[in-house]
Protein chains: 2
Amino acid sequence: MAHEHKPLFDEAIQEMLNSLKTEDEMTEKQRRIMEAAIALFAEKGFHASSTSEIARRAGVAEGTIFKHFKTKKDLLYALIGPMFIKFASPLILKDVKQIINEDLPAEEVILKLYRNRLALLEENWPRMRIVLQEALFHPDIMNALLENLVKDARGLAEASVKNRIEQSEFRPLPVKAITRAIFSTMLGYVFFSKAFPDEYANEDKDKDLRDAVDILMYGIANKRPDSL
Amino acid sequence: MAHEHKPLFDEAIQEMLNSLKTEDEMTEKQRRIMEAAIALFAEKGFHASSTSEIARRAGVAEGTIFKHFKTKKDLLYALIGPMFIKFASPLILKDVKQIINEDLPAEEVILKLYRNRLALLEENWPRMRIVLQEALFHPDIMNALLENLVKDARGLAEASVKNRIEQSEFRPLPVKAITRAIFSTMLGYVFFSKAFPDEYANEDKDKDLRDAVDILMYGIANKRPDSL
DNA sequence: TTATGAAGTGAGTAATCACTCACTTAATTG
DNA sequence: CAATTAAGTGAGTGATTACTCACTTCATAA
């Protein structure tokens, strides 16, 4: 597929993506190394996790790590690189675009999108946690996150919001403000469910999400929804 | 060592707070050490910042650091401890309670609270950034953050929200959902202003905040506000 | 069968880590 | 003045760091 006009990842990350192996091309031990690194990086952070601890946890000699990954940082990139594909590849974005263009009520579109993205986030949580955590300290990761994930998502959202404002479906507020409200609702939901996991038992999760979307739609829609 | 209970941050923090010196009791060099550590911890993280780099940046011998702080972790606690006072001391919480009880329209109360907390956050940003970042990796800091800051704030908010629901000022939704919306709005505002700082030039900042509160109030109030 | 090379090992490397300590300096106090 | 003490120093500590390399093992291919 052609992706030459797209802003590329940082060189280091791009390089890593090119050398990515599919799971069945990998050795058993390489897989164990990656699993151990994911667990440790997520829990203690990249800099606080040593290669010796990764090796011990993977049940592998320390040298084996460097047979598969040139440096510790390369190992990090190999872990998080796939996340940028999973969340932003053209194929996936097509899914999102399809939901947006389905000509459903805005409330259902947003609910569907939230569920879609939240499920994806949950499936890949340990790796995404690493991405979010390490982005705070590594400018290249932060850049990739903002440029490849946030920016695209925001662009899609703003286009749709603008359209719905023009059709008087949304209130005549700044596009930026409405878009921010949409993102804030999801961000806040994720924050609360991670900060107070016991309050977000599986049964109540979707009810909570629907409450959040209810408030959001009540806040941005021009006409109040008919149903509660 | 690992057999005794995890030291509660309350204890560690209390100990640290007791030994805290006011700025004019501190040596010039101690102040420089703390400034250097704040800059480095905020930018690179605690584990990625070495004491030798802190010393170099502060223009001080490495041994001097340990004359003032027993360990590197004690230095961290000395930096972030005051944040828990600034944001949660009874004195400060009285300020917040006063705003809540001022019997103003909910919209103005929320706006006032947002401005109050955001100003406090901005004034202390480098240190608060360290608190938020390191909480991800240090369970004791996370615990102090949730128990001493988030929990109290949430309690206050929920009491007020419950009251306003009973008075039909807010919609009859779960208290938790409305409270979450209030926090999400501020959280999202902070996230956007940090992620896209160039879009949040000082002049537009308050307009952006008012837009956010407008949407929030529109979403949770039983009657739409009279004015835009 | 032999040759090749990837997978894996673990002892070993220099560099860096947080931290210590014997020491000097300078101000305070009895 | 003599004695004490806190502030500050910088060389030095053992432990740990990311990483290397000579080596073995073993499956595959010529």
Side-chain angles (χ1 to χ4, degrees), chain A residues 12 15-16 19-41 43-80 130 134 137-138 140, chain B residues 1-2 7 12 16 18-41 43-80 130 134 137-138:
Chain A
E15 195 176 322
M16 192 42 58
S19 68
L20 271 185
K21 298 173 178 174
T22 59
E23 285 231 349
D24 38 311
E25 283 174 326
M26 297 193 325
T27 309
E28 164 69 15
K29 300 211 169 182
Q30 181 174 2
R31 213 175 296 121
R32 289 224 304 274
I33 289 169
M34 295 182 78
E35 275 170 27
I38 288 173
L40 282 172
F41 288 169
E43 193 184 336
K44 307 173 50 172
F46 174 73
H47 279 291
S49 308
S50 67
T51 49
S52 71
E53 199 177 354
I54 294 171
R56 194 179 340 118
R57 185 149 175 165
V60 142
E62 200 172 346
T64 309
I65 294 177
F66 295 96
K67 268 272 151 33
H68 293 288
F69 309 96
K70 250 177 54 194
T71 66
K72 188 186 164 194
K73 194 149 195 175
D74 276 357
L75 170 56
L76 172 65
Y77 286 155
L79 297 180
I80 68 178
I130 297 172
E134 298 307 326
F137 307 121
H138 306 258
D140 53 343
Chain B
M1 47 180 241
M16 190 45 58
N18 292 339
S19 67
L20 268 187
K21 299 173 178 173
T22 59
E23 285 231 349
D24 38 309
E25 282 174 328
M26 296 195 323
T27 309
E28 164 68 17
K29 299 210 169 183
Q30 182 174 1
R31 213 175 298 122
R32 289 224 304 274
I33 289 169
M34 294 182 78
E35 275 171 25
I38 288 172
L40 282 172
F41 288 170
E43 193 184 335
K44 306 172 52 173
F46 174 74
H47 281 291
S49 307
S50 67
T51 50
S52 71
E53 198 177 354
I54 294 170
R56 196 179 338 118
R57 186 149 174 165
V60 143
E62 201 172 346
T64 308
I65 293 177
F66 295 95
K67 267 274 152 31
H68 294 288
F69 309 97
K70 252 177 53 195
T71 66
K72 188 186 166 194
K73 194 149 195 175
D74 276 358
L75 170 56
L76 171 65
Y77 285 157
L79 298 180
I80 68 178
I130 296 173
E134 298 307 326
F137 307 121
H138 306 257

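Throughout, a chain's letter reflects where its sequence line sits, starting with A, and its residues are numbered from 1.
Between B:Thr51 and the phosphate of C:dC17, there is no side-chain N or O to OP1/OP2 separation shorter than 4.0 Å. In this structure, A:Thr27 reaches the C:dG8 phosphate: one of its side-chain N or O atoms is under 4.0 Å from OP1 or OP2. In terms of phosphate contacts, A:His68 brings no side-chain nitrogen or oxygen within less than 4.0 Å of OP1 or OP2 of C:dA6. Taking side-chain N and O atoms only, A:Thr64 has no distance below 4.0 Å to OP1 or OP2 of C:dA7. Listed pair A:Lys67 / C:dA7 fails the phosphate criterion, with no side-chain N or O lying under 4.0 Å from OP1 or OP2. Side-chain N/O atoms of B:Ser50 include one lying less than 4.0 angstrom from OP1 or OP2 on C:dC17. Between A:Ser52 and D:dT16, a side-chain N or O to OP1/OP2 separation shorter than 4.0 Å is absent.
As a whole-Å value, the separation of A:Lys44 NZ from D:dT16 C1' is 12 Å. Rounding to whole angstrom units, NZ of residue A:Lys72 and P of D:dT17 are separated by 9 Å. Whole-Å rounding puts the A:Phe69 CZ to D:dT20 C1' distance at 18 Å. Summarising the geometry, the separation between NZ on B:Lys29 and C1' on C:dT25 is reported as 11 Å, rounded to the nearest angstrom. When the P atom of C:dC21 is taken as reference, atom NZ of B:Lys70 falls 14 Å away, rounded to whole Å. Rounded to a whole Å, the CG atom of B:Leu76 is 13 Å from the P atom of C:dA18. Here the P atom of nucleotide C:dG10 and the CZ atom of A:Arg56 are 14 Å apart, to the nearest Å. When rounded to the nearest whole Å, the span between CD1 of B:Ile65 and P of D:dA6 equals 21 Å.
A:Thr27 places a side-chain heavy atom less than 4.5 Å from the side chain of A:His68. Between B:Phe41 and B:Lys72 the shortest side-chain heavy-atom distance falls below 4.5 Å.
At least one donor-acceptor pair under 3.5 Å links the side chain of B:Ser49 to the backbone N or O of B:Gly45.
Salt bridge present: B:Lys44 and B:Glu53 bring a charged side-chain N and a carboxylate O closer than 4.0 Å.
Between A:Gly59 and B:Ser49, the residue whose closest nucleotide on DNA chain C is further toward the 5' end is A:Gly59. Checking B:Ala61 against A:Thr71, the closest nucleotide of DNA chain D that is more toward the 5' end is the one next to B:Ala61.
Taking the six-membered ring wherever Trp is involved, the centroid distance between the rings of A:Phe46 and A:His138 falls below 6.0 Å.
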